[in-house]
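Hydrogens, waters and symmetry mates play no part in the numbers below; they use all other heavy atoms, side chains included.
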Amino acid sequence: MAKLWGGRFTGGPAAALEALNASIGFDWRLAPYDLTASKAHARVLNRAGLLTGDELERMLAALDALGEDVANGTFTGTIADEDVHTALERGLVERLGDLGGKLRAGRSRNDQIATDLRLYCRDHARGLAADVAALVEALAAQAEDLVDAPAPGMTHLQHAQPVTLGHQLLAHAQGFLRDLDRLRDWDGRAAVSPLGSGALSGSSLPLDPVAVAEELGFDAPVGNSMDGVSDRDFAAELLFVCSMVGIHLSRLGEEVILWSSQEFGWVTLDDAFSTGSSIMPQKKNPDVAELARGKSGRLVGNLTALLVTLKGLPFTYNKDLQEDKEPVFDSLDNLALLLPAVTGMVATMRFNAEVPRASAPTGFSLATEIADWLVRKGIPFRSAHEIAGACVAHCEARGIELHEIADADLASISEHLDPSVKAVLDVDGALAGRTTPGSTGPKAVADQLAQVRDAVANAWPKSL
Ligand code: ARG
């Protein structure tokens with residue numbers, strides 16, 4: 001079996017070394033990217049006079065044939081191949097004989113793996129962005145029906161001030177829009193090609209890293225070959241974006257779990273996006289939302305794992321770097337599973353809008369309106385806050401809500417109060433009064449909805 005490094009060794013590898021050292025068990029999915037990069041490298045070898053025109057044609061045809069065999073599963077790597085690069089060179093030599101061995105000139109697995117992983121990440125980041133955009137669209141579609149639907153807005157999970165459900169749903173959308181923005185920024189930084197860095201120092205052969213970069217869709221080659229083979233910032237940054245998406249999903253998941261509980265009763269999840277219990281026949285569980293919350297743990301863990309692997313590594317390539325791939329694959333795989341399920345759950349859940357509407361004014365959530373009413377009459381907010389607080393205490397002692405304070409009692413709470421204050425103790429009125437950009441009033445939310453839709457329609461990679 002052809003190792004790429006057998007020349008100076010007398011004995012074969014120990015089974016324990018081989019089992020530990022091999023990445024073929026997880027890097028095989030990079031095969032299509034490795035083959036694409038190989039074709040670009042073959043063309044450069046030809047232009048450098050190191051492959052004849054005829055050799056290039058045979059090489060490209062063999063790489064295409066190998067690609068088909070990889071795609072349909074008739075060619076696969078084995079543990080003895082060590083990694084995807086070794087396996088594909090074996091496949092090439094099986095098809096081309098000695099000519100297959102020419103492709104390795106001027107190239108190392110070190111610049112190959114750095115290139116393959118970048119290509120994989122850039123490709124899959126586009127899929128991730130499409131999945132995030134679909135979720136934003138689902139949130140926007142729900143928000144559209146709930147632009148003026150009141151709910152108790154909360155801080156500390158306590159009733160704070162009334163908000164509209166549309167506003168709260170779009171608050172989730174805003175985080176995902178920032179994630180789309182992060183992916184666009186990330187792609188710009190990831191768009192450099194390490195191919196041509198060789199093992200670490202570049203190459204004495206007349207290669208053309210600029211042409212290779214262009215052929216592979218990168219903006220430019222790396223500026224430093226030593227950095228080129230050891231930089232994994234792009235992987236760590238992508239894992240950060242995945243973690244941030246995961247954290248946004250966990251917050252959405254947590255709210256859906258609360259909203260669908262018996263105690264809240266704000267939403268009913270569709271049967272298609274709920275699960276049952278093996279013992280309690282009545283149960284309908286929000287598993288999708290719980291997995292949205294739960295998977296954030298592994299996403300953050302994958303980021304942490306890679307950052308710790310990278311910390312303190314001397315230049316340039318070290319085998320530690322082989323640990324870069326599984327966290328990246330795991331995060332992208334899990335988000336590819338999770339996002340469509342969360343989008344489906346959001347798109348199909350039904351809001352029982354009358355429930356949050358009824359509770360919106362409870363818990364004295366309109367107390368701030370009394371304070372603002374006093375401020376409009378010229379009372380300093382410091383005193384207005386005290387007076388509104390006294391209204392709350394009055395109600396609490398009697399088990400009534402603010403709008404139920406007897407007209408006669410108002411003046412005894414404060415000389416500044418009179419029955420006309422009751423006009424502001426109305427949820428719809430309080431919401432309608434919130435008209436500044438970004439606030440919760442129906443008009444401002446309708447504007448926000450249009451902006452969110454515009455942003456997602458033009459989000460990366462569509463914005464290219
Ligand atoms: N399988 C290796 C990795 O994933 C490829 C690079 C190997 N380079 C080396 N010098 N041994 O990082």
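At a threshold of 4.5 Å between non-hydrogen side-chain atoms, the residues L30 and K325 count as touching.
A salt bridge is defined here as a Lys NZ or Arg NE, NH1 or NH2 lying under 4.0 Å from an Asp or Glu carboxylate O, and K443 with D447 meets this definition. Taking 4.0 Å as the cut-off between side-chain N and carboxylate O, E82 and K319 count as a salt-bridged pair. The existence of a salt bridge linking R232 and D324 is confirmed by a sub-4.0 Å separation between a basic side-chain nitrogen and an acidic carboxylate oxygen. Note on K377 versus E415: no salt bridge recorded, every NZ/NE/NH1/NH2 to OD/OE distance being 4.0 Å or above. For the pair K284 and D271, the salt-bridge criterion is met [side-chain N within less than 4.0 Å of a carboxylate O]. Ionic pairing of D428 and R357 is present here: one or more N-O contacts between side-chain nitrogen and carboxylate oxygen are shorter than 4.0 angstrom. The residues D320 and K311 are annotated as not salt-bridged, no charged nitrogen and carboxylate oxygen being separated by less than 4.0 angstrom. Note on D181 versus R184: salt bridge recorded, some NZ/NE/NH1/NH2 to OD/OE distance being below 4.0 Å. Checked for salt-bridge contact, E144 and R453 meet the test: a charged N lies under 4.0 Å from a carboxylate O.
Remark: the backbone N or O of A292 is not paired with any side-chain donor or acceptor of S296 at under 3.5 angstrom. Within the 3.5 Å criterion, the main-chain N or O of R109 finds no donor-acceptor partner in the side chain of D111. A donor-acceptor pair is defined here as one N or O able to donate and one able to accept, closer than 3.5 Å; such a pair exists between the side chain of N224 and the backbone of M226.
Judged by the 6.0 Å distance and 45° axis criteria, R29 is not positioned over the aromatic ring of Y120.
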Starting from the C-alpha separation in whole Å, work towards a yes-or-no answer on salt bridge (charged side-chain N to carboxylate O under 4.0 Å, His left out) for K295 and D330. CA-CA 11 Å; K295 279 192 185 289; D330 186 73; over 6 Å; no
Could you go through S277 and N285, starting from their C-alpha distance and side-chain angles, then the distance that decides it, and tell me whether this counts as side chain to side chain donor-acceptor pair (under 3.5 Å)? CA-CA 8 Å; S277 156; N285 293 329; 5.6 Å; no
side-chain contact (heavy atoms from CB on, under 4.5 Å) between R189 and D233, intermediate numbers included: CA-CA 9 Å; R189 272 189 301 286; D233 295 9; over 6 Å; no
Run the numbers on D34 and S38 for side-chain contact (heavy atoms from CB on, under 4.5 Å), then give the verdict. CA-CA 6 Å; D34 199 80; S38 286; 4.0 Å; yes
Evaluation steps, side-chain contact (heavy atoms from CB on, under 4.5 Å), between V328 and C121: CA-CA 8 Å; V328 169; C121 286; 3.8 Å; yes
Would R118 and V192 count as a side-chain contact (heavy atoms from CB on, under 4.5 Å) if you check the C-alpha gap in whole Å, the side-chain angles of each, and the deciding distance to 0.1 Å? CA-CA 9 Å; R118 268 181 203 264; V192 293; 3.4 Å; yes
D83 vs S23, side chain to side chain donor-acceptor pair (under 3.5 Å): CA-CA, chis, key distance, verdict: CA-CA 5 Å; D83 57 26; S23 54; 4.5 Å; no
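With no hydrogens or angles considered, a side-chain donor-acceptor pair links E255 and H172 at under 3.5 Å. Side-chain contact check for N352 and T268: at least one donor-acceptor pair (N or O, by modelled atom type) lies under 3.5 Å. Side-chain N/O atoms of T368 and Q161 include a donor and acceptor closer than 3.5 Å. Using modelled atom types, one finds no donor on one side chain facing an acceptor on the other under 3.5 Å when comparing T348 with D270.
The two residues Q174 and V452 come nearest to each other via the heavy atoms NE2-CG2, 3.7 Å. Between L269 and S274 the shortest heavy-atom distance is CB-OG, 3.4 Å.
The OG1 atom of T440 sits 4.0 Å away from atom NE2 of H167, with the distance rounded to the nearest 0.5 Å. Put simply, CD on Q112 and CG on L88 are 8.5 Å apart, with the number rounded to the nearest 0.5 Å. Within the model, atoms OG1 of T115 and CG of L195 stand 4.0 Å from one another, a figure rounded to the nearest 0.5 Å.
For Q262, the CD atom counts as loosely surrounded, since its 6.0 Å shell holds 12 or fewer non-hydrogen atoms of other residues, nucleotides or ligands. Other residues, nucleotides and ligands contribute more than 12 heavy atoms inside 6.0 Å of the CD atom of E237.
For F351 and W259, the ring centers sit closer than 6.0 Å to each other.
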Atom pairs and distances, side-chain donor-acceptor, residues 381-396, under 3.5 Å, sequence neighbours left out:
residue: H394; atom: ND1; partner: R398; partner atom: NH1; Å: 3.2
residue: H394; atom: NE2; partner: D409; partner atom: OD2; Å: 3.4

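Here salt bridge (charged side-chain N to carboxylate O under 4.0 Å, His left out) pairs that include residues 66-79, with residues two or more places apart or in two chains, are D69-R95.
With sequence neighbours left out, H248 forms a ring pair (Phe, Tyr, Trp, His ring centres under 6.0 Å) with F176.
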